[in-house]
Amino acid sequence: MRSSNFLLSTLKETPADAEIVSHQLMLRAGMISKLAAGIYTWMPLGLRVLRKVEKIVREEMDAAGAQEVLMPATQPAELWEESGRWGKFGPLLLSFTDRHDRSFCFGPTHEEVITDMVRRNVRSYRQLPASFYQIQTKFRDETRPRFGVMRAREFLMKDAYSFHLDDESLAATYERMRQAYCAIFDRTGLTYRMVEADSGAIGGAASHEFHVLADSGEDAIAYSDASDYAANVEKATTQLVTAEPAVATEAMQRVATPGQHSVEEVAKFLKLPLQQVLKTLLVKGTDTPVVAILLRADHELNEVKVEKLEQVASPFEFANDAEIKAAAGCGAGSIGPLGLDVPIVADHAALAMANFACGANSDGEHLSGVNWSRDLPLVNGQDVRNVVAGDPSPDGEGILSIVRGIEVGHIFQLGDTYSRAMNATCLDENGKDRVLTMGCYGIGVSRVVAAAIEQHWDDRGILWPQALAPFDVAIVPINLQRSEQVREVAEKLYAELTAAGLDVLFDDRKERPGVMFADMDLIGIPQRLVIGERGLAEGNVEYKLRSADQSEDIALAEAVAKVTEQLSK
RNA sequence: CGGGGCGUGGCGCAGUCUGGUAGCGCACUUGACUGGGGGUCAAGUGGUCAGAGGUUCAAAUCCUCUCGUCCCGACCA
């Protein structure tokens, strides 16, 4: 590709509304162009990268035995009413009506459509198991799209669905997909981690997420330094404390804590470490207005875990000030478990505390020297907190660390949630109708592009991993317009590299060298050949890796070999 | 959906408080010089100041409403 015939729409300055580095660089490099909030055009440069991701995904999906399909982006409401999700998906669904006043939505996902396709076309167990995938544009009307294509409303996704007669078959395909996902992310060249995930509202048995590790990631991942254990913090557990609490050595007393509300303030005021303070949170309950959750003050409530408790209302919601006042008779800063007449849930770690401080259910007062059994009845321990760095790994091997990750893939064993609701059945060996069981497997293709940049950039621009780069190599001629020799050599190299099957960007614009260098660095092409009269006099061209600090002079005759060799690494 | 910010040429911004000829840098066009890390000089192109309504002799500026957009939170296979 000649740059004179390729839209290089680079910017020197960072657009003001781009917050994270991938968004900034995608705009500056001219990869994407915003049309509306969360809706972007992929310009020629960006599309090249998107296609590289697609290619890897497609090849590995095919290798895993999945069949490619292309489903409609427009889906009839009836299908969603059948699965019960028309109302449930709510405002996330972009819906509209046609001229006959029939309701449709722009598909945010395709369980309904694929299940419908399968129930119409798959009739015998002999056709199972079967997996189908597509790479297609989805639309989710997020209330707050942000970070460019990282969390866009319209985005490109690979979604795959598998159908089975029984759970064993599902588990086998799930495992095969898991391996395919590892192969895909290995090939992208990104640093990633597979983690156990919460399967969310969608339910189902097993679920794993694939995260590209980056500080800007929206998810927190806990992993063991000594074993394979890794889980989304939403789900991560630690070894539960089962030891008896330490011996009560202090007498309980009521202390005045005027104006001290947060646990940090109370701990500081009472000159106690945070670990000696008990935090009492009131949340909405199922059968009672509120439920009290007890945590060690340095721990954080895990809403996903709490919501699964019977006593706790789903969806999870904190009690409001009026409800707190009604239940505890004080403000949120002074709640404590003693004398509190609501169901109490205590985190394991909270039960291990001794001689601790907590609220006295009276504004401006706390209790200190409190102990379980002696001062308040022991309750059953629950796991309701987020793990923190330093917690022991739940498998007993090593301790947990926490890193940030960008969720780029998610695989589920769905079970029969959709197939049952939509009556997707198949005849088994005995000629009996059986409800199918399903798996689903997603990859945020456009998000992978942004995630790659989050992980690979420097102050000059993007540093594409080889497998995702829009071009393999850039040819930068110095004085192309004036030097016949430079032109000849550059053209020849361009022809040879192209003939070798490489994606070559030949910068034949009438630009100064500095401009070309800056642009090539910004758009992140991994290899660069500079052709100038100065080097040619010695029979050399200049070779530089985008990731390297220094360039090197190499013989012109070796240039093609040098570039292709690097590519095969 | 709650709270906050911002809408002035393609991008980044000043001007708004205190109403009076719409500006700066970058980009873009042309020419000259230049020619290995976003060069210099000169001459240019491009804006109904988000939109509507109002106040006023006069509105980018003051008032009202609407829209867009970004951030925080909530939400989110």
Side-chain angles (χ1 to χ4, degrees), chain A residues 7-20 23-24 27-28 30 33-39 83 85 88-93 107-112 138 140-148 150-153 155 157 159-161 197-204 207-209 218-219 232 234 303-304 315-318 320 407 409-415 417-418 438-444 459-461 476-483 486 507 509-522 528-536 540-542 544 551 553:
Chain A
L7 182 62
L8 283 180
S9 176
T10 56
L11 296 172
K12 266 190 212 180
E13 286 174 291
T14 303
D17 52 9
E19 192 71 8
I20 62 171
H23 189 195
Q24 293 172 350
L27 290 171
R28 283 191 54 209
S33 181
K34 188 173 83 171
L35 182 63
I39 302 179
S83 70
R85 289 209 292 184
K88 197 176 159 195
F89 234 82
L92 215 58
L93 265 186
T109 175
H110 282 71
E111 280 85 4
E112 283 82 359
K138 302 269 192 270
R140 295 182 189 175
D141 200 0
E142 302 268 358
T143 44
R144 187 148 90 85
R146 56 188 131 169
F147 305 149
M150 185 75 84
R151 182 176 281 267
R153 292 195 291 173
F155 59 100
M157 184 172 181
D159 47 326
Y161 308 88
D198 183 82
S199 43
I202 199 162
S207 175
H208 287 89
E209 290 172 354
E218 291 188 86
D219 288 293
N232 194 309
E234 285 179 352
E303 299 181 13
V304 175
F316 171 89
E317 204 179 335
F318 278 111
N320 60 38
E407 183 186 346
H410 201 159
I411 58 179
F412 295 88
Q413 291 185 24
L414 277 184
T417 314
Y418 297 94
M438 290 173 65
C440 80
Y441 318 89
I443 289 181
D459 57 355
R460 296 201 308 268
V476 179
I478 307 297
N479 249 329
L480 181 71
Q481 322 298 328
R482 293 233 191 107
S483 168
V486 166
D507 200 347
R509 293 175 299 173
K510 195 177 171 182
E511 284 290 354
R512 299 172 60 84
V515 173
M516 293 192 280
F517 292 150
D519 275 348
M520 295 305 112
D521 285 346
L522 175 60
R528 186 183 79 189
L529 288 168
V530 178
I531 320 297
E533 282 188 320
R534 219 164 62 187
L536 289 179
N540 290 336
V541 295
E542 179 192 298
K544 185 176 173 298
S551 63
D553 288 332

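Since the model is a prediction, treat every value here as computed from it, not as a measurement. Chain identifiers are assigned alphabetically (A, B, ...) following the order of the sequence lines, protein sequences preceding nucleic acid strands; residue numbering begins at 1 within each chain.
The CZ-C1' distance, from Arg146(A) to C72(B), rounds to 9 Å in whole Å. Rounding to whole angstrom units, NZ of residue Lys510(A) and C1' of G39(B) are separated by 15 Å. Here G25(B) presents its C1' atom at 14 Å from CG of Leu11(A), a figure rounded to the nearest Å. Distance, Leu92(A) CG to C1(B) C1': 13 Å, rounded to whole Å. The distance from atom CG of Leu93(A) to atom C1' of C75(B) is 14 Å, rounded to the nearest whole Å. One interatomic measurement links the two molecules: CZ of Arg151(A) to P of C72(B), which rounds to 11 Å at whole-angstrom precision. With rounding to whole Å, Leu35(A) atom CG is found 16 Å from G10(B) atom C1'. Rounded to a whole Å, the CG atom of Leu8(A) is 16 Å from the C1' atom of G10(B).
Pairing for C1(B) is with G73(B), a Watson-Crick or G-U wobble pair whose two hydrogen-bonding atom distances lie under 3.5 Å. Partner assigned to A52(B) is U64(B), using Watson-Crick or G-U wobble distances below 3.5 angstrom. Nucleotide A42(B) has U30(B) as its partner under the Watson-Crick or G-U criteria, with both atom distances under 3.5 Å. Pairing partner, C13(B): G23(B), with both Watson-Crick or wobble hydrogen-bond distances short of 3.5 Å.
Picking from C70(B), G37(B), G38(B) the nucleotide with the shortest atom distance to the side chain of Ala37(A) gives C70(B). Nearest to the side-chain atoms of Pro15(A) among the listed nucleotides C11(B), C70(B), G38(B) stands C11(B). The side chain of Glu142(A) sits closest to C76(B) out of G25(B), G37(B), C76(B). You'll find that the side chain of Arg144(A) is closest to C71(B), out of C13(B), C76(B), C71(B). Of the candidates C11(B), G39(B), G38(B), the closest approach to any side-chain atom of Glu13(A) belongs to C11(B). Of the candidate nucleotides U34(B), C76(B), C71(B), U34(B) has the atom nearest to the side chain of Arg512(A).
No donor-acceptor pair under 3.5 Å is formed between the side chain of Glu19(A) and the backbone N or O of Phe147(A). Put simply, the side chain of Arg28(A) never gets that close to the backbone of Thr14(A): no donor and acceptor are under 3.5 Å apart.
Between Glu303(A) and Arg528(A), the residue whose closest nucleotide on RNA chain B is further toward the 5' end is Arg528(A). Residues Glu218(A) and Leu522(A) both approach RNA chain B. Their nearest nucleotides, taken by heavy-atom distance, put Leu522(A) toward the 5′ side.
Nucleotides C62(B) and G20(B), compared at atom C1', are 14 Å apart to the nearest Å. Taking the P atoms as reference points, C67(B) lies 26 Å from A59(B), given to the whole Å. Taking atom P on both nucleotides, G15(B) is separated from G31(B) by 38 Å, rounded to a whole Å. Taking atom C1' on both nucleotides, U61(B) is separated from C70(B) by 23 Å, rounded to a whole Å. Distance check on atom C1': C63(B) versus U16(B) gives 14 Å, rounded to whole Å. Spacing of C1' atoms, C24(B) relative to G9(B), comes out at 12 Å, to the nearest Å. Separation of the C1' atoms belonging to C49(B) and A60(B) is 4 Å when rounded to the nearest angstrom. When the P atom is compared between G47(B) and G23(B), the two are found 13 Å apart, to the nearest whole Å.
Using a 4.5 Å cut-off on side-chain heavy atoms (C-beta onward), Met516(A) and Arg509(A) make contact. Using a 4.5 Å heavy-atom cutoff, the side chains of Cys440(A) and Glu111(A) are in contact. Using a 4.5 Å cut-off on side-chain heavy atoms (C-beta onward), Glu142(A) and Arg151(A) make contact.
Tested against Val541(A) for a side-chain contact (heavy atoms from CB on, under 4.5 Å), the candidates Val476(A), Leu536(A), Val486(A), Val530(A) yield a single pass: Leu536(A).
Backbone-only contact: Thr14(A) has heavy atoms under 4.0 Å from sugar-phosphate atoms and none from a base. Residue Met157(A) is in base contact, counting any heavy-atom pair closer than 4.0 Å across all strands shown. Residue contacts for Gly532(A): at a heavy-atom cut-off of 4.0 Å it reaches a base atom on one of the strands shown. Note on Tyr161(A): a base of the nucleic acid sits closer than 4.0 angstrom, heavy atoms only. In this structure, Arg153(A) reaches neither bases nor backbone, as no heavy-atom distance under 4.0 Å exists between it and the strands shown. Counting non-hydrogen atoms under 4.0 angstrom, Val530(A) reaches a base of the nucleic acid. Among the atoms of the strands shown, only primed sugar atoms or phosphate atoms (P, OP1, OP2) are found under 4.0 Å from some heavy atom of Ala36(A).
Put simply, CD1 on Ile411(A) and CD on Glu209(A) are 10.5 Å apart, with the number rounded to the nearest 0.5 Å.
Note that Arg460(A) lies outside the cation-pi zone of Phe517(A), set by a 6.0 Å cut-off to the ring centre and a 45° limit from the axis.
OP1 or OP2 of A27(B) sits under 4.0 Å from a side-chain N or O of Lys12(A).
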